[in-house]
Number of protein chains: 4
Amino acid sequence: MPTAEPPYRRIANDLAAKIKTGELQPGDKLPSTRELAEAYGVHMNTASRALSLLHDRELITGQPGRGTYVAERPGQ
Amino acid sequence: MPTAEPPYRRIANDLAAKIKTGELQPGDKLPSTRELAEAYGVHMNTASRALSLLHDRELITGQPGRGTYVAERPGQ
Amino acid sequence: MPTAEPPYRRIANDLAAKIKTGELQPGDKLPSTRELAEAYGVHMNTASRALSLLHDRELITGQPGRGTYVAERPGQ
Amino acid sequence: MPTAEPPYRRIANDLAAKIKTGELQPGDKLPSTRELAEAYGVHMNTASRALSLLHDRELITGQPGRGTYVAERPGQ
DNA sequence: GTGGTCTAGACCACT
DNA sequence: GTGGTCTAGACCACC
């Protein structure tokens, strides 16, 4: 059995999918780290890592503490 | 004698070792922050920081108010 | 109103954004822990924790007593 | 130009090389996180990550806080 | 009960 | 001066 997806990737991929399908539109505000942690039932550190990953992929922008938003050209 | 390991890391590594050796099994509940603090003779803050480190390493999971548990795939 | 982002994360993300946008360049010196604490109106501990997060993300480098600097390859 | 090696990998590889060449023998005690951080001029978080990597590769064993040691059969 | 966070003030080691 | 850590005590939200 292959290694399962780590939680932070699961969350990141979930959000990425919502962006891809248009459920989350460019410019939309994402939940805060704390809200994500509660929503997905994980530790704040895990939620933070998920957001960090999306930031790296340039799917989201902004200062997460002041509000994280879906990038205007997600995936460039 | 060179500078020693700080207590919060000592505690974190101690728990990590117990997970690695199987003394703590995936799904097992860890002692509460307060219990850990008492067991190691440190302040709650210090014990909390140790647990935070293990969260980062994805060795443990759990959310506030529900306790802390050994991750299902510790170390991925 | 849902629970907000904790200050130490807000500060960390704020600094991370400045690095990402280039407002803070690789090699630049960051404000000291004490300066950050004053600037954001928080305790030194809180500012220190924010910097620790950025260390984990490899966005900043430096050792005790020498100041903190933007990493050469922020975000790898 | 290819992405440079992140510091924590550089340190991990450095230690791994010392184990491979026999400069560090099975059973030898490794420096503490703090000592490693000082020796390599990096943050404690970075040194900690390097040790964690070696632990994952089973090159080292033990509870790092109580002392980390070169594994008896490094690389298995 | 649980974990998470903040302030306050102190100490240490290194530059 | 710098960053890193610890204690002490408090508060919050969720179960």
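Naming convention: chains lettered A, B, ... in sequence-line order (proteins, then strands); numbering from 1 in each chain. Every value quoted in this text rests on a predicted model; they were computed, and no experiment measured them.
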- Item | Length of the CG-C1' vector between B/L54 and E/dG4, whole Å | 16 Å
- Taken to the nearest whole Å, CG/C/L15 to P/F/dG3 is 12 Å
- Task: Could you tell me whether B/K29 atom NZ has more than 12 heavy atoms of other residues or ligands within 6.0 Å of it?
- Result: yes
- Item | Test item: side-chain donor near acceptor, C/N45 and C/Y8, under 3.5 Å | no
- Message: If the cut-off is 4.0 Å, is B/T46 near the phosphate of F/dT5, judged by side-chain N/O to OP1 or OP2?
- Response: no
- Item | 5' priority, DNA chain E, between B/G65 and A/M44 [closest heavy atom] | B/G65
- Item | Any N/O donor-acceptor pair, A/H43 side-chain to E/dG3 base, under 3.5 Å | no
- Message: Using only modelled atom types and a 3.5 angstrom limit, is any donor from either the side chain of C/R34 or the base of F/dG3 paired with an acceptor on the other?
- Response: yes
- Please determine, for E/dA10, whether a Watson-Crick or G-U wobble partner exists with both distances under 3.5 Å, and give it or none. F/dT5
- Item | Rounded distance in Å - CG (C/L53) to C1' (E/dG4) | 13 Å
- Query: Counting side-chain heavy atoms from CB outward, which of E/dT5, F/dC15, E/dG3 is closest to C/R49?
  - Reply: E/dT5
- Rounded distance in Å - CD (A/E38) to P (F/dC14): 6 Å
- Lys/Arg-Asp/Glu bridge criterion (N-O < 4.0 Å) met for A/R49, A/D56: no
- Task: Look at the side chain of C/T68 and decide which nucleotide, out of F/dG3, E/dG9, E/dT5, has an atom nearest to it.
- Result: F/dG3
- Where the side chain of C/N13 meets the backbone of C/R9, is there a donor-acceptor pair that is under 3.5 Å apart? yes
- Measure from CD1 on B/I11 to P on F/dT5 and round the result to the nearest Å. 13 Å
- Message: What is the separation between atom CG on B/L51 and atom P on E/dT5, rounded to the nearest whole Å?
- Response: 12 Å
- Message: Measuring to OP1 and OP2 of F/dG3, would you say a side-chain N or O of C/S48 lies under 4.0 angstrom away?
- Response: no
- Checking F/dG9, F/dG4, E/dG3 against the side chain of B/N45 (C-beta onward), the nearest is F/dG9
- Closest to the 5' end of DNA chain E, once B/R66 and C/Y8 are matched to their nearest nucleotides, is B/R66
- Task: Would you kindly give the CG-to-P distance between D/L36 and F/dG4, to the nearest whole Å?
- Result: 16 Å
- Message: With a 4.5 Å cut-off on side-chain heavy atoms, are D/V70 and D/T61 touching?
- Response: no
- For C/S32, answer base if it contacts any base atom (sugar-phosphate contacts may also be present), sugar-phosphate if it contacts only those atoms, and nothing otherwise; contact means non-hydrogen atoms under 4.0 Å. sugar-phosphate
- Query: Between E/dC14 atom C1' and D/E35 atom CD, what is the distance in whole Å?
  - Reply: 15 Å
